[in-house]
Enquirer: 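Got a structure here, written out as structure tokens. Questions coming.
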Amino acid sequence: MAKLRSVKGMNDVLPEDAVRWHRLEDTFRELVARYGFGEVRTPLVESTDLFVRSIGEATDIVEKEMYTWMDKSDKSLTLRPEGTASAARAWIQHSVGGQHPVSKWFYVGPMYRRERPAKGRYRQFFQAGCEIYGDPGPFVDAELIDLVVRYLSALGIQDIEVLVNSLGAGETRERYREALLEYLRPHASELSEDSQRRLERNPLRVLDSKAPQDQAIAENAPQILDYLDEESAQHFEDLKTALDAMGTPYVVEPRLVRGLDYYTRTLFEVRGRGGDLGANAALCGGGRYDNMIKELGGPDTPAIGFAIGLDRLLLVMADSEPKPSLDGFLVVRGKELRGQALAVAQKLRDAGCRVDADLRGGSMKSQFRRADKSSAPFALVLGDAEAEAGTLQVKELATGDQQELPIEQVADAIMRR
RNA sequence: GUGGCUGUAGCUCAGUGGUAGAGCACUGGAUUGUGGCUCCGGAUGUCGCGGGUUCAAGCCCCGUCAGUCACCCCA
């Protein structure tokens with residue numbers, strides 16, 4: 001029989017590693033709370049239609065990466081490939097806009113895309129993201145970009161690059177698309193195979209192709225920033241000014257596009273430069289999507305958001321001081337005392353101590369060895385004499401210092417540090 | 001989805017077609033109720049899985065699964 005194992009591209013997190021995940025999530029929650037974000041929790045499953053309409057029919061995500069199936073009631077369902085669409089659906093469904101002119105939401109959770117797994121890319125992966133509804137920017141755009149930088153910095157991730165661009169609004173994209181096509185068509189035969197295929201369908205993608213022959217051509221292509229409508233151009237200028245004022249470093253990258261159709265105006269991406277990331281260096285992607293809410297049937301409301309790939313952060317995050325997960329480890333002499341040991345542990349736990357013991361027993365030596373490996377700073381010895389006296393021997397493992405204390409005083413003694 | 005590389009103990013890896021190995025980790029002990037260091041001992045394998053070649057396969061061949069890297073794309 002074949003060995004049972006987790007599904008390809010979907011990984012377990014064991015307790016030792018969960019500590020690092022907690023740090024990622026706790027740091028994020030604490031930070032966004034300081035900006036006034038509240039959490040939204042949406043289902044992992046949505047109508048397929050939601051993603052098709054928001055992300056875009058012609059995108060790679062929708063075309064070939066979604067986990068989609070027919071439910072028994074003949075409705076097509078999909079495991080969410082990203083968080084923005086679900087949050088927007090919830091925001092519309094609950095008419096939040098009618099209550100709050102501006103809402104700031106965050107989410108943390110698993111997303112699903114059926115791609116070929118690689119380093120930093122899994123079929124179940126975790127994103128933390130923020131969405132702001134009802135503020136047309138550009139200052140809130142700058143604030144959001146800075147939030148991401150501060151989050152990464154809090155995790156010890158400094159070696160990053162912040163790329164910003166603007167896709168304009170309204171007819172900008174169409175006008176630019178025409179101009180770009182006009183430029184690219186004469187070069188069509190020189191382009192890479194992939195780019196030739198992309199040419200008519202989504203010419204913007206040709207610009208960030210990695211094929212050298214494409215890059216050479218993209219070099220001299222018209223730039224979208226030259227085609228921005230007046231309002232979008234001003235929006236972009238104000239964004240840069242705000243970033244400068246905060247001292248947030250960034251690079252204008254006119255060729256930055258992104259795989260999702262819903263973006264308008266501000267677009268940004270944060271890339272890590274650590275060598276541990278392989279080819280998947282994008283740590284965070286985000287942008288403004290001023291038309292999406294309306295297109296999904298909601299009120300005409302501007303919005304902006306980003307998503308951070310937590311799996312990738314884990315690869316480049318600095319290690320932090322390991323903290324002991326226990327305060328004390330009970331060492332019990334003799335089988336007869338194990339029942340009493342449970343009563344002692346119960347008392348200490350009620351007092352807030354984290355206490356473990358090896359209830360299988362074993363020699364003092366082996367119990368001490370386990371105490372040593374448990375990460376608990378103190379071994380708590382219960383023997384006949386201590387049971388008689390209502391005390392414990394409290395031994396500090398790092399120094400070897402040992403003293404006998406009444407059980408009532410033990411909690412205070414071992415939790416002080 | 002395409003191509004390359006790799007699968008041997010829990011982990012990191014040796015292993016020339018002829019008896020399955022090391023280090024770490026785990027575990028027992030070194031005389032009475034005290035860990036770490038040291039010393040002595042012990043357990044642990046479907047050699048990823050399925051076929052094939054051969055007297056004989058961990059080793060060669062084919063397939064498959066998984067991991068990994070690059071591409072594609074993205075977080």
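The sequence lines fix the lettering, A, B, ..., with proteins before strands; numbering per chain opens at 1. Only a predicted model underlies this, so the values are computations on that prediction, with no experimental measurement involved.
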Enquirer: Write down the distance between CZ (A:R113) and C1' (B:G1), rounded to a whole number of angstrom.
Expert: 16 Å
Enquirer: Is there a donor-acceptor pair under 3.5 Å between the side chain of A:D290 and the backbone N or O of A:A303?
Expert: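 Checking the backbone N and O of A:A303 against the side chain of A:D290, a donor-acceptor pair under 3.5 Å is found.
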Enquirer: Is A:G83 touching bases, backbone alone, or none of the nucleic acid, heavy atoms closer than 4.0 Å?
Expert: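 Here A:G83 touches no strand at all.
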Enquirer: Determine whether a donor-acceptor pair (one donor, one acceptor, N or O, separation below 3.5 Å) exists between the side chain of A:R369 and the base of B:C26.
Expert: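 Flag unset: no donor-acceptor pair detected.
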Enquirer: Name the nucleic acid region contacted by A:V381, choosing base, sugar-phosphate or nothing; use a 4.0 angstrom heavy-atom cut-off, strictly under.
Expert: base
Enquirer: Rounded off to whole Å, could you give me the CG-to-P distance for the A:L392 and B:U34 pair?
Expert: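 For the pair A:L392 CG and B:U34 P, the rounded distance is 17 Å.
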Enquirer: Provide the Watson-Crick or G-U wobble partner of B:U6, both distances under 3.5 Å; none if there is no partner.
Expert: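 B:A66 - that is the nucleotide pairing with B:U6, both distances being under 3.5 Å.
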Enquirer: Determine, using ring centers only, whether A:F329 and A:F378 are less than 6.0 Å apart.
Expert: no
Enquirer: Whole Å only: how far is the OH atom of A:Y262 from the P atom of B:C74?
Expert: 12 Å
Enquirer: Can you tell me which nucleotide in B:G35, B:G33, B:C74 comes closest to the side chain of A:A282?
Expert: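 Minimum distance to the A:A282 side chain belongs to B:C74.
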Enquirer: Does a side-chain N or O from A:K64 land closer than 4.0 Å to OP1 or OP2 of B:G1, or not?
Expert: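 No, because none of the side-chain N or O atoms of A:K64 sits under 4.0 Å from OP1 or OP2 of B:G1.
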Enquirer: Please determine, for B:G17, whether a Watson-Crick or G-U wobble partner exists with both distances under 3.5 Å, and give it or none.
Expert: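 Checking every strand shown, B:G17 finds no partner, since no pair has both distances under 3.5 Å.
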Enquirer: Taking CE from A:M10 and P from B:A66, how many angstroms apart are they, rounded to a whole number?
Expert: 12 Å
Enquirer: Which part of the nucleic acid, if any, lies within reach of A:R271 when heavy atoms closer than 4.0 Å are counted: base, sugar-phosphate only, or nothing?
Expert: nothing
Enquirer: Sticking with atom C1', work out how far B:G17 lies from B:C55, rounded to a whole angstrom.
Expert: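 Each nucleotide's C1' atom is 12 Å from the other's.
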Enquirer: On a whole-Å scale, what distance lies between the P atoms belonging to B:U34 and B:G23?
Expert: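 B:U34 and B:G23 have their P atoms separated by 29 Å.
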Enquirer: Give A:G120 one of three labels, base, sugar-phosphate or nothing, depending on what nucleic acid heavy atoms sit under 4.0 Å from its own.
Expert: base
Enquirer: Please classify the nucleic acid contact of A:G400 as base, sugar-phosphate, or nothing, using heavy-atom distances under 4.0 Å.
Expert: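 Base, at least one base atom sits under 4.0 Å.
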Enquirer: For B:G36, take OP1 and OP2 only and decide whether either is under 4.0 Å from a side-chain N or O of A:K365.
Expert: no
Enquirer: Kindly say whether, by distance alone, the side chain of A:Q402 makes a donor-acceptor pair under 3.5 Å with the base of B:U34?
Expert: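 Under the 3.5 Å cut-off, the side chain and the base do form a donor-acceptor pair.
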Enquirer: With no angle test and no hydrogens, is the base of B:G67 tied to the side chain of A:R116 by a donor-acceptor pair under 3.5 Å?
Expert: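 Looking at the base of B:G67, it does not pair with any donor or acceptor on the side chain of A:R116 (distance under 3.5 Å).
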Enquirer: Using both distances under 3.5 Å as the test, list the Watson-Crick or G-U wobble partner of B:G35, or none.
Expert: none
Enquirer: Any Lys/Arg nitrogen of A:R41 or A:E39 sitting under 4.0 Å from an Asp/Glu carboxylate oxygen of the other?
Expert: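 Answer for the salt bridge query: yes.
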Enquirer: For B:A66 and A:K8 - does any side-chain N or O of the residue sit under 4.0 Å from the phosphate oxygens OP1/OP2?
Expert: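 For B:A66, OP1/OP2 do have a side-chain N/O of A:K8 under 4.0 Å.
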Enquirer: Give me the distance, rounded to whole Å, that separates B:A14 from B:G58 when you measure between the C1' atoms they each carry.
Expert: 12 Å
Enquirer: If you assign A:C284 and A:P117 each to the RNA chain B nucleotide with the nearest heavy atom, which residue ends up on the more 5' nucleotide?
Expert: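 Here A:P117 is the residue nearer the 5' end.
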Enquirer: With sugar-phosphate meaning primed atoms plus P, OP1 and OP2, does A:E115 contact a base, only sugar-phosphate, or nothing at under 4.0 Å between heavy atoms?
Expert: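 The answer is base, as A:E115 lies within the cut-off (heavy atoms under 4.0 Å) of a base atom.
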Enquirer: Between A:T59 and A:G56 (side chain of the first, backbone of the second, donor and acceptor by atom type, cut-off under 3.5 Å), is there such a pair?
Expert: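 Such a contact is found between A:T59 side chain and A:G56 backbone.
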Enquirer: Please state how far atom CD in A:Q367 lies from atom P in B:G33, giving the value in whole angstrom units.
Expert: 12 Å
Enquirer: Let's test this: given Watson-Crick or G-U wobble pairing with both distances under 3.5 Å, identify the partner of B:C71.
Expert: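 Base-paired to B:G1.
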Enquirer: Nearest whole angstrom, please: distance from the P of B:G28 to the CZ of A:R360.
Expert: 8 Å
Enquirer: How many whole angstroms separate atom CG of A:L397 from atom C1' of B:G35?
Expert: 7 Å
Enquirer: Can you give me the closest heavy-atom contact between A:G305 and A:E131, atom names plus distance?
Expert: CA-OE1, 3.3 Å
Enquirer: Under 3.5 Å, is there any donor-acceptor pair linking the side chain of A:K395 to the base of B:G35?
Expert: yes
Enquirer: Touch check for A:Y112, heavy atoms < 4.0 angstrom, all strands: base, sugar-phosphate only, or nothing?
Expert: nothing
Enquirer: Round to a whole Å and report the spacing from CZ of A:R123 to P of B:A66.
Expert: 8 Å
Enquirer: Thinking salt bridges, do A:E269 and A:R271 make one under a 4.0 Å N-O criterion?
Expert: yes
Enquirer: Does B:G35 have OP1 or OP2 under 4.0 Å away from a side-chain N or O of A:S366?
Expert: no
Enquirer: Given that A:D311 and A:S363 both sit by RNA chain B, which one's nearest nucleotide is further toward the 5' end?
Expert: A:S363
Enquirer: Can you tell me, in whole Å, how much space there is between the C1' of B:C47 and that of B:A22?
Expert: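 Their C1' atoms lie roughly 16 Å apart.
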Enquirer: Please answer whether the main-chain N or O of A:R354 pairs with a side-chain N or O of A:D327 as donor and acceptor at a distance below 3.5 Å.
Expert: yes
Enquirer: Tell me if the side-chain of A:E396 makes a donor-acceptor pair with the base of B:G35, cut-off 3.5 Å, by modelled atom types.
Expert: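 Absent.
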Enquirer: Rounded to whole angstrom, note down the C1' distance from B:C11 over to B:A25.
Expert: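 It comes out at 7 Å once rounded to the nearest Å.
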Enquirer: Which part of the nucleic acid does A:A385 contact within heavy-atom distance under 4.0 Å: base, sugar-phosphate only, or nothing?
Expert: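 Base: the residue A:A385, judged by heavy atoms under 4.0 Å, touches a nucleobase.
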Enquirer: Please tell me which of the listed nucleotides, B:C74, B:U27, B:G33, lies nearest to the side chain of A:R370?
Expert: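 Minimum distance to the A:R370 side chain belongs to B:U27.
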Enquirer: Need the pair for B:C60. Rule: Watson-Crick or G-U wobble, both distances under 3.5 Å, any strand; none if unpaired.
Expert: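 Pairing partner, where one exists within any strand: B:G52.
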Enquirer: Is it true that A:K75 and A:D71 make a salt bridge, defined as a side-chain N closer than 4.0 Å to a carboxylate O?
Expert: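 Looking at A:D71 together with A:K75, the answer is no, because their closest N to O distance does not fall below 4.0 Å.
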Enquirer: What is the nucleic acid contact for A:E82, judged by heavy atoms within less than 4.0 Å: base, sugar-phosphate only, or nothing?
Expert: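 Since no nucleic acid heavy atom lies under 4.0 Å of A:E82, the category is nothing.
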Enquirer: Once the angle between the rings of A:W91 and A:Y133 is folded into 0 to 90°, is it parallel (under 30°), tilted (30 to 60°) or perpendicular (over 60°)?
Expert: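 Answer is parallel, since the angle falls under 30°.
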Enquirer: Quantified in whole Å, what is the C1' atom distance between nucleotide B:G48 and nucleotide B:A57?
Expert: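 Looking at atom C1' only, B:G48 and B:A57 are 16 Å apart.
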Enquirer: Measuring from the side chain of A:D372 (C-beta onward, heavy atoms only), which nucleotide among B:U27, B:C74, B:G35 has the closest atom?
Expert: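 Between B:U27, B:C74, B:G35, the one nearest the side chain of A:D372 would be B:G35.
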Enquirer: Pick the P atom in B:G1 and in B:C62, then give their distance to the nearest Å.
Expert: 22 Å
Enquirer: Watson-Crick or G-U wobble partner for B:C11, using a 3.5 Å limit on both distances?
Expert: B:G23
Enquirer: Could you measure between the two P atoms, the one in B:C24 and the one in B:G41, and give it in whole Å?
Expert: 14 Å
Enquirer: Across the strands shown, which category fits A:Q124 at heavy-atom distances under 4.0 angstrom: base, sugar-phosphate, nothing?
Expert: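 The residue A:Q124 makes no contact with any strand.
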